[in-house]
Number of protein chains: 2
Amino acid sequence: MAQLPTVEDVARVASVSRQTVSNVLNSPHVVKATTRERVEAAIVELGYRQNASARRLRTRKSATLGIRLDPMADGISGSILDRFLHALTEQADERGMRVMLFTASGPQGEIDQISRLRDGADVDAFVLTSTFHRDPRTEWLIANDVPFVTFGRPWGIDDMNDPQHLWVDVDGAAGTRAATEHLIDTGARRILYVGWPSPSGTGDDRRRGWESAMRDRLGWNDADLDGLHVTAEEGVVQGSAAVSPLLAAFPAPDAIVCVSDSLALGAMTAAASAGLSGLPIVGFDNTPVAAAVGLSSVEQCLGDVAAGALELLLGSTGNDIVGADLSPGEAHRLITPELVIRSPRHLPLFDRAAATNAPGNHEERERP
Amino acid sequence: MAQLPTVEDVARVASVSRQTVSNVLNSPHVVKATTRERVEAAIVELGYRQNASARRLRTRKSATLGIRLDPMADGISGSILDRFLHALTEQADERGMRVMLFTASGPQGEIDQISRLRDGADVDAFVLTSTFHRDPRTEWLIANDVPFVTFGRPWGIDDMNDPQHLWVDVDGAAGTRAATEHLIDTGARRILYVGWPSPSGTGDDRRRGWESAMRDRLGWNDADLDGLHVTAEEGVVQGSAAVSPLLAAFPAPDAIVCVSDSLALGAMTAAASAGLSGLPIVGFDNTPVAAAVGLSSVEQCLGDVAAGALELLLGSTGNDIVGADLSPGEAHRLITPELVIRSPRHLPLFDRAAATNAPGNHEERERP
DNA sequence: ATAAAAACTTTGATCGTTCAAATTCTTGGT
DNA sequence: ACCAAGAATTTGAACGATCAAAGTTTTTAT
């Protein structure tokens, strides 16, 4: 195959100079219409394509976003970041940008990788996930003037309003509040909550959504709410183990709201063993598991999250990294999630946390 | 911040020439040891980093793999490609390569994107997923000498042995065979199979695994097997709908092997409504859903798949794209999956396919 | 008609690296 | 000592694009 055509070749065919070809590509408005058409025809004729590397070398722009992909985000809710990645890739593509992945171990490792990618002009800006208060990564990025946006609030009052730290997040409290209010609307009163142990930025936020709905709509006070909630580490088994005693204390709840689908599934299991297989339960994240078992859940609307991230990074229209400082109010986006109500495919789950792992138990026929 | 240091700066500090610095970086063996050390010290002192774009422009190598990420691979089994992506990114990183994502609509759109990325020297090689017989993408890639490897067999005898078409795949038949044999070992005899409608390369392959185990280990013949299997489109509901009549025809099966976790979950649902809630069922893909509900499944070992893909592309040691033709036997890898046996968290699933989607049914207490 | 302004186009230099070929420095055999 | 062969290093020229500034043509105002 012959050498790929360059601007020079196009210029020759169109009888113009290199620069004019470049202008047609990058600032068409400065070129006279007739000339532009001639150049465009030559581009088509030769099948010319811009060489991205040469362009990058000169402009120091790569039209590429970097995002870290962890080795394996297993578990039920692990797919959230993957879904975000899909949405981000798609939205970035619409703006003519691409997404480059990298891995790293630990915050320092990530900083090293970012630094490398940045110096090599490989990546223009970074998207970080799961940031926390005084995250060394964000501090480094700000100090080194590397454009970035995070999916997730920094969870510190000071960082949170820092206009240099662009962030997008899902309004977890709004999600659990919507779930709780929906349950209240359908007649529920004794609504339990299963959360993550405090402190957890995301977890505490979601719990507050349930609390505020219970308080505002039902007039419950702190004392009333006190025993209605319980916490557990993420996981189906942990959820089940935490909910069982809660159900012993509150034998006739109306519903359960959970901080995650994993815990919700655990709650379903526990409810089933307690003979409450029809108990309405709402999870969070709207994972495939929730869809599969017919669990109501809160959908994070990751398309909106991705769109928000790009908007902060690139401006609402353009496709160039915005270095300009945004005003505090403009430096972040809080996406309101959507409640997805499913009619449960009712699974009278039977909790066998103590079951053996031995295979071959196909003769069993158990029922609570 | 001052200008980033270049080879020139390093050269000055180390009192050598540009090229020597370049050699230290790219072919250390041609540089005298003492000189090399001097240069290396200068590199560290200045914090020099190679500019990837300049290097790419000159060498036309990018140390980057491209892979298409579809807008949204929803559903239970959608996560397979995401897990593969995680593994690929990690393995690529170990070889100093990065992964770039792009989206495209349709095969022609993907070809356009590949062509663009390739011409721009953005990407050295591509990883394709879900290829089929006479896939226009692979034909184009071969015709245009673009290095690539596919995750998934081409499913055509001729392509399959084409040494120009590198591929890695999971031996689905081995997976279902192992599942079936395991069930046989535990005493099962009447083992049903739920597959995808034919023709489906992957689906037919997996069905053959069940068939061969039934034939070889139990001596069943075609006629015996004929009514023991059923097909359904991918989906929990579809699986449930297909398995119910099967269970009516075979009221006392010993186990069910399924082509996917979605169908397996559907089968669980159907089995539960038929009063067979303890029936051993094996799915395929080992998705989070399977883990969550305690469903046995076949794990694809995506780390091995990713490793195999990179080995074919880059050779077993190096990190450069191998243009060399491999011999037919060396041009592909078939990964043997692993059977994951779980003690079911027994879910006497209750099939309510006809349930309304109306919310507010929290008062229901149903049981089959 | 003419100068000034605006619109458009071209020319050289440059981004940071590696290639290819030329040059200098070592080493060893006679 | 000397020369050839090899090892080590350097030099000039790309790679393909854009920037900055200078040149040309066209339009507008007087």
Side-chain angles (χ1 to χ4, degrees), chain A residues 2-40 42-43 46-64 96 116-122 124 320, chain B residues 2-40 42-43 46-64 116-124 320:
Chain A
Q3 190 80 351
L4 249 40
T6 73
V7 272
E8 199 92 38
D9 300 314
V10 175
R12 195 175 316 112
V13 170
S15 309
V16 294
S17 69
R18 289 192 313 270
Q19 186 60 41
T20 298
V21 177
S22 175
N23 285 338
V24 169
L25 263 35
N26 300 301
S27 6
H29 58 279
V30 307
V31 181
K32 188 159 67 172
T34 61
T35 315
R36 185 168 57 233
E37 282 158 22
R38 199 147 36 91
V39 172
E40 278 162 353
I43 287 176
L46 297 178
Y48 167 77
R49 289 273 175 57
Q50 249 176 326
N51 182 311
S53 298
R55 180 172 216 277
R56 289 222 265 265
L57 172 59
R58 190 68 244 242
T59 63
R60 304 183 160 281
K61 297 218 147 88
S62 61
T64 302
R116 206 185 318 283
L117 289 167
R118 169 79 183 160
D119 289 350
D122 258 323
D124 287 337
D320 261 347
Chain B
Q3 191 81 352
L4 250 38
T6 71
V7 273
E8 201 91 38
D9 299 315
V10 175
R12 196 176 314 112
V13 169
S15 308
V16 294
S17 69
R18 289 192 314 271
Q19 186 60 41
T20 298
V21 177
S22 175
N23 285 336
V24 168
L25 262 35
N26 300 300
S27 9
H29 59 279
V30 309
V31 181
K32 189 158 68 172
T34 61
T35 314
R36 184 168 60 232
E37 282 157 21
R38 199 147 35 92
V39 171
E40 278 162 353
I43 288 177
L46 297 177
Y48 167 78
R49 289 272 176 59
Q50 249 177 324
N51 182 310
S53 298
R55 179 174 217 276
R56 289 223 264 266
L57 173 58
R58 191 66 246 238
T59 63
R60 302 181 160 284
K61 296 217 146 83
S62 62
T64 302
R116 206 186 319 283
L117 289 167
R118 167 79 184 164
D119 290 350
D122 258 323
V123 169
D124 287 336
D320 261 348

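So you know, we letter chains A, B, ... as the sequences are listed, proteins then strands, and number each from 1.
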So how far is it from A:Asn51 CG to B:Leu57 CG, rounded to the nearest 0.5 Å?
-> 6.0 Å
Report the distance from atom CZ of B:Arg60 to atom CZ of B:Arg118, rounding to the nearest 0.5 Å.
->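 Atom-to-atom, B:Arg60:CZ and B:Arg118:CZ are 9.0 Å apart.
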When you match A:Arg60 and A:Val31 each to their closest nucleotide on DNA chain C, which lands nearer the 5' end?
-> A:Val31
Bounds of contact between DNA chain C and chain A, in 5' to 3' order, using a heavy-atom cut-off under 4.0 Å =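 The footprint of chain A covers C:dC8 to C:dG16.
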If the condition is side-chain contact (heavy atoms from CB on, under 4.5 Å), which residues does [X] pass it with, not counting sequence neighbours?
{"X": "B:Arg18", "result": "B:Glu8"}
{"X": "B:Val10", "result": "B:Val21, B:Val39, B:Ala42, B:Ile43, B:Leu46, B:Tyr48"}
{"X": "A:Arg116", "result": "A:Asp112, A:Gln113, B:Arg49, B:Arg98"}

Kindly write out the residues that satisfy side-chain hydrogen bond (donor to acceptor under 3.5 Å, both in side chains) with [X], not counting sequence neighbours, or none if the list is empty.
{"X": "B:Ser53", "value": "none"}
{"X": "B:Thr59", "value": "none"}
{"X": "A:Asn23", "value": "A:Gln19"}
{"X": "B:Ser22", "value": "B:Asn26"}

Hey, where on DNA chain D does chain B first and last touch, going 5' to 3'? Cut-off is any atom under 4.0 Å from a heavy atom.
-> D:dA8 to D:dG16
For the helix from C:dA1-D:dT30 to C:dT30-D:dA1, how many degrees between its two end axes (five pairs per end), to the nearest 10°?
->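 It comes to 40° between the two terminal axes.
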Sub-4.5 Å side-chain heavy-atom contact between B:Glu40 and B:Val24 =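 Yes - at least one pair of side-chain heavy atoms lies under 4.5 Å apart.
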With heavy atoms under 4.0 Å as the rule, sort [X] into base, sugar-phosphate or nothing.
{"X": "A:Glu8", "result": "nothing"}
{"X": "B:Thr35", "result": "sugar-phosphate"}
{"X": "A:Arg36", "result": "nothing"}

Name every donor-acceptor pair, under 3.5 Å, that has one atom in a side chain of residues 29-37 of chain A and the other anywhere in the protein, sequence neighbours excluded.
| unit_1 | atom_1 | unit_2 | atom_2 | d |
| --- | --- | --- | --- | --- |
| A:Arg36 | NH1 | A:Pro28 | O | 2.9 |
| A:Arg36 | NH1 | A:Val31 | O | 3.3 |

Check the pair A:Asp122, B:Arg56 against salt bridge (charged side-chain N to carboxylate O under 4.0 Å, His left out), reporting the backbone distance first and the verdict last.
-> CA-CA 10 Å; A:Asp122 258 323; B:Arg56 289 223 264 266; 2.6 Å; yes
Find which nucleotide of DNA chain D each of B:Val30 and B:Leu57 is nearest to by heavy atoms, and output the residue with the more 5' nucleotide.
-> B:Val30
With no hydrogens and no angle check, is any side-chain donor or acceptor of B:Asp124 less than 3.5 Å from a backbone partner on B:Ser62?
-> yes
Of residues 17-27 of chain B, the positions that come close to DNA chain C - non-hydrogen atoms, cut-off under 4.0 Å |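 By residue number: B:Arg18, B:Gln19, B:Ser22, B:Asn26.
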